[in-house]
Asks: 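A single structure is presented below for examination.
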Amino acid sequence: LRSRADAVMVGGGTVRAERLSLSLDAEDTRPVPRAVILTNTGDLPLESNLVRDHRQDVLVLLSDSADKDVERHLGCLAEIRRVPATQSGAIDVAKALEIMKSSYGIDILLCEGGPALNHALISADLADELFVTVAPVLVGANTPEEPGTFLKDRPGHPKALRLTSSQVAGDELFLRYSIEEHH
């Protein structure tokens, strides 16, 4: 999926929670997608948790409500771009997508989470597809969110998922769904 995207995006919580790479395998000769990280605060352990690929540009989209001195620290590690915030201080994800498209030419964006970012995109009708991998390993941590509250802020607006493909590879099952507004 990454090799087909212009950029791979994660939220700041994902970067804080795990060590990750947003690039392609070293032997892959295709163009490497830009790494995009959305953060409301700028609290990002990029040095320790982002596995850097010298072929990859890293863009941090930072909420306008974040402290002004955050850019000084992150600016030597990535390109920083301020994004308008909602009334709650969180990044306006619709504005972030507009900036990615107009300023960086990002047409195909792969979002790899986490849950807050996925929730924001799906709730705002900004996601076209959802990919689910069923694997024989369980990962994750407890969150303050209660089970079953994924779309709690939009009662009466359930999302219908239409299975568009499935594939088995070893013990893993890869499911691809289109996201549709339920009427």
Asks: Judged by atom type as modelled, is there a donor-acceptor pair below 3.5 Å linking the side chain of R82 to the main-chain atoms of A66?
Replies: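 Side chain of R82 to backbone of A66: a pair is present.
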Asks: Test L46 against I37 for side-chain contact (heavy atoms from CB on, under 4.5 Å), laying out the working first.
Replies: CA-CA 10 Å; L46 294 181; I37 302 165; 3.5 Å; yes
Asks: Is it true that a side-chain atom of T14 and a backbone atom of V10 form a donor plus acceptor pair closer than 3.5 Å?
Replies: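 Not confirmed, T14 side chain does not pair with V10 backbone.
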Asks: In the single-linkage hydrophobic clustering (I, L, V, M, F, W, Y; side-chain heavy atoms under 4.5 Å), do I91 and I99 co-cluster?
Replies: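 Yes.
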Asks: Can any side-chain N or O of S63 pair as donor or acceptor with the backbone N or O of A85 at less than 3.5 Å?
Replies: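 Judged by distance alone, no pair lies under 3.5 Å.
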Asks: Just by distance, do the side chain of E180 and the backbone of R162 share a donor-acceptor pair under 3.5 Å?
Replies: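 Not confirmed, E180 side chain does not pair with R162 backbone.
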Asks: Can you give me the closest heavy-atom contact between L110 and A5, atom names plus distance?
Replies: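 For L110 and A5, the tightest heavy-atom pair comes out as CB-CB, 4.0 Å.
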Asks: What distance separates L74 CG from E79 CD, expressed to the nearest 0.5 Å?
Replies: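 The distance works out to 12.5 Å.
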Asks: Let me check something: do V58 and L109 share a hydrophobic cluster, defined by ILVMFWY side-chain heavy atoms less than 4.5 Å apart, either directly or through other members?
Replies: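 Cluster IDs for V58 and L109 differ.
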Asks: Got a second to check how far K101's NZ is from D107's CG, nearest 0.5 Å?
Replies: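 Interatomic distance, K101 NZ to D107 CG, rounded to 0.5 Å: 3.5 Å.
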Asks: According to a 4.5 Å side-chain heavy-atom criterion applied to Ile, Leu, Val, Met, Phe, Trp and Tyr, with indirect links allowed, do L126 and V8 form part of one hydrophobic cluster?
Replies: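 Different hydrophobic clusters.
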Asks: Might you work through the side-chain contact (heavy atoms from CB on, under 4.5 Å) test for R19 and S48, ending with a clear yes or no?
Replies: CA-CA 7 Å; R19 184 167 161 77; S48 60; 5.6 Å; no
Asks: Could you walk me through whether L62 and E71 pass the side-chain contact (heavy atoms from CB on, under 4.5 Å) test, one step at a time?
Replies: CA-CA 9 Å; L62 178 65; E71 289 151 314; 3.9 Å; yes
Asks: Say you draw a straight line from CZ of R72 to CD1 of I80; how long is it, rounded to the nearest 0.5 Å?
Replies: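 Interatomic distance, R72 CZ to I80 CD1, rounded to 0.5 Å: 13.0 Å.
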Asks: Is any side-chain heavy atom of V36 closer than 4.5 Å to one of M100?
Replies: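 Answer yes - side chains close enough.
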Asks: Measuring from atom CD1 of I108 to atom CZ of R2, what distance do you get when rounded to the nearest 0.5 angstrom?
Replies: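 Reported value, rounded in 0.5 Å steps: 15.5 Å.
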Asks: Let me see the working for R34 and D6 under salt bridge (Lys or Arg N to Asp or Glu O under 4.0 Å), right down to the final yes or no.
Replies: CA-CA 6 Å; R34 181 183 301 267; D6 298 318; over 6 Å; no
Asks: Is the closest side-chain heavy-atom distance between L117 and M9 below 4.5 Å?
Replies: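 Yes. Closest side-chain heavy atoms under 4.5 Å.
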Asks: What's the verdict on side chain to side chain donor-acceptor pair (under 3.5 Å) for S23 and S21, showing C-alpha distance, side-chain angles and the deciding distance?
Replies: CA-CA 6 Å; S23 189; S21 166; 5.0 Å; no
Asks: Say you draw a straight line from CG of L1 to SG of C111; how long is it, rounded to the nearest 0.5 Å?
Replies: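 It is 12.0 Å, given to the nearest 0.5 Å.
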Asks: Do the side chains of D64 and V83 get nearer than 4.5 Å, heavy atoms only?
Replies: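 No, their side chains stay 4.5 Å or more apart.
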Asks: With heavy-atom distances below 4.5 Å as the criterion, would you say the side chains of V134 and E172 are in contact?
Replies: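 No, every pair of side-chain atoms sits at 4.5 Å or beyond.
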Asks: Are the side chain of D92 and the backbone of A94 linked by a donor-acceptor contact shorter than 3.5 Å?
Replies: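 Side chain of D92 to backbone of A94, a donor-acceptor pair under 3.5 Å: yes, one is there.
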Asks: Can any side-chain N or O of T39 pair as donor or acceptor with the backbone N or O of T41 at less than 3.5 Å?
Replies: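 Yes, the answer is positive, given that a donor and an acceptor are paired below the 3.5 Å cut-off.
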Asks: To the nearest 0.5 Å, what is the distance between CG on L130 and OH on Y177?
Replies: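 The distance works out to 8.0 Å.
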Asks: L50, L38: one ILVMFWY side-chain cluster at the under-4.5 Å cut-off?
Replies: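 Hydrophobic grouping puts L50 apart from L38.
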Asks: Can you find a heavy atom in the side chain of L175 that is under 4.5 Å from one in the side chain of F131?
Replies: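 Side chain of L175 against side chain of F131, heavy atoms only: no contact under 4.5 Å found.
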Asks: What are the two closest heavy atoms between L22 and A35, and how far apart are they?
Replies: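 Residues L22 and A35, closest heavy atoms: CD1-CB, 3.8 Å.
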Asks: Same hydrophobic cluster for L97 and I106, using side-chain heavy-atom links shorter than 4.5 Å among ILVMFWY?
Replies: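 They do share one cluster, since a chain of ILVMFWY contacts under 4.5 Å joins L97 to I106.
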Asks: Nearest heavy-atom pair of A127 and I122: which atoms, and what distance?
Replies: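 So the minimum-distance heavy-atom pair works out to CB-CG1, 4.0 Å.
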Asks: Does any non-hydrogen side-chain atom of R176 lie less than 4.5 Å from one of V132?
Replies: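 Sidechains of R176 and V132: no contact.
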Asks: Hey, could you give me each pair passing salt bridge (Lys or Arg N to Asp or Glu O under 4.0 Å) that has a residue in residues 37-58? Not counting sequence neighbours.
Replies: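 Residue pairs passing salt bridge (Lys or Arg N to Asp or Glu O under 4.0 Å), neighbours aside: D53-R55.
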Asks: Side-chain contact test, heavy atoms from C-beta onward, threshold under 4.5 Å: evaluate it for D128 versus I179 and give yes or no.
Replies: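 SC-SC contact between D128 and I179 ruled out.
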Asks: Closest approach of L61 and A96, non-hydrogen atoms and distance?
Replies: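 Taking every non-hydrogen atom into account, CD1-CB, 4.0 Å.
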Asks: State whether the side chain of Q56 and the backbone N or O of P33 hold a donor-acceptor pair below 3.5 Å, judged by distance alone.
Replies: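 Checked: pair present.
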